[in-house]
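Notes follow the structure.
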Amino acid sequence: MSANLDLVRSIFADWERRDFRSADWADPEIDYVFADGPTPGTWTGLAGMAEVWRDWLSAWEDMNVEAQEYRELDDERVLVLSRYSGRGKASGLELGQMEAKGATLFHIRDGKVTRFVGYWDRKRALADLGLATEADLQR
């Protein structure tokens with residue numbers, strides 16, 4: 001297992017315990033991107049990333065994330081296929097009812113994540129990366 005894969009697994013291990021506090025893994029000038037979903041956009045730096053996380057997490061009760069598969073794409077990129085669950089504080093909507101399967105692409109250099117791309121739609125992530133297979137599209 002590579003150091004990059006170890007790093008990403010450690011990030012998800014924290015998140016699966018609902019611990020979203022650490023940003024030790026992030027480069028100070030990280031590009032933080034939501035490619036789709038309710039708030040698509042791009043932010044730069046730790047402050048921008050923290051603001052997005054605060055806003056996003058504050059909208060949910062019992063937010064959970066679970067890594068389902070790790071794919072090391074090359075020397076600098078790791079893709080994680082994941083599932084989300086939780087309940088919207090304002091709407092009461094359960095993420096599990098929406099088949100909330102997403103993906104996260106981590107770009108890593110010198111032991112730090114330099115670019116984070118989050119996808120609510122796993123199929124879009126796989127298509128964007130040219131990785132979509134019929135089996136992937138069924139998930």
Would you mind reporting whether [Y] and [X] have side-chain heavy atoms less than 4.5 Å apart?
X      : Y      : result
Met49  : Glu51  : no
Thr104 : Leu79  : no
Gln68  : Arg122 : yes
Val52  : Thr39  : no
Phe106 : Ile11  : yes
Phe34  : Thr42  : no
Leu105 : Arg115 : no
Thr44  : Glu29  : yes

Mind checking side chain to side chain contact (heavy atoms under 4.5 Å, CB included) for [X] and listing every partner two or more places apart, or none if nothing turns up?
X      : result
Ser10  : Leu7
Arg109 : Glu76, Thr114
Asp75  : none
Asp36  : Tyr119, Trp120, Asp121, Arg124

* Structure fact -> Residues at least two apart in sequence or cross-chain that pass side-chain hydrogen bond (donor to acceptor under 3.5 Å, both in side chains) with Asp110, listed by chain then number, are none
* Taking only residues two or more places apart in sequence, or in another chain, which ones meet Glu16 in a side-chain hydrogen bond (donor to acceptor under 3.5 Å, both in side chains)? -> none
Once rounded to the nearest 0.5 Å, what's the spacing between atom [atom1] of [X] and atom [atom2] of [Y]?
X      : Y     : atom1 : atom2 : value
Leu129 : Arg71 : CG    : CZ    : 9.5 Å
Arg21  : Asp19 : CZ    : CG    : 4.0 Å
Asn4   : Glu72 : CG    : CD    : 6.0 Å

* To do: Answer yes or no: is there a donor N or O on one side and an acceptor on the other, between the side chain of Lys112 and the main chain of Ile30, under 3.5 Å?
  => no
* Looking at Phe12 and Ala67, what are the two nearest heavy atoms and their distance? -> CD2-CB, 3.7 Å
* To do: Would you check, one step at a time, whether the test side-chain contact (heavy atoms from CB on, under 4.5 Å) holds for Val78 with Leu73?
  => CA-CA 6 Å; Val78 175; Leu73 303 181; over 6 Å; no
* Asked: Given Val117 and Asp128, is the side-chain contact (heavy atoms from CB on, under 4.5 Å) satisfied, shown in steps?
  -> CA-CA 11 Å; Val117 183; Asp128 282 359; over 6 Å; no
* Dump the intermediate steps for side-chain contact (heavy atoms from CB on, under 4.5 Å) on Asn64 and Arg18, then the final yes or no. => CA-CA 7 Å; Asn64 290 303; Arg18 297 182 186 170; 2.6 Å; yes
* Where does the angle between the aromatic ring planes of Trp53 and Phe116 fall among parallel (under 30°), tilted (30 to 60°) and perpendicular (over 60°)? -> perpendicular
* Within 45° cone of Tyr70 ring axis and under 6.0 Å: Arg9 NZ or CZ ->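 The answer is yes; both the distance and angle limits are met.
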* **Side-chain donor-acceptor contact under 3.5 Å, Ser82 with Glu66** =>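 Ser82 vs Glu66: no donor-acceptor pair found between side chains.
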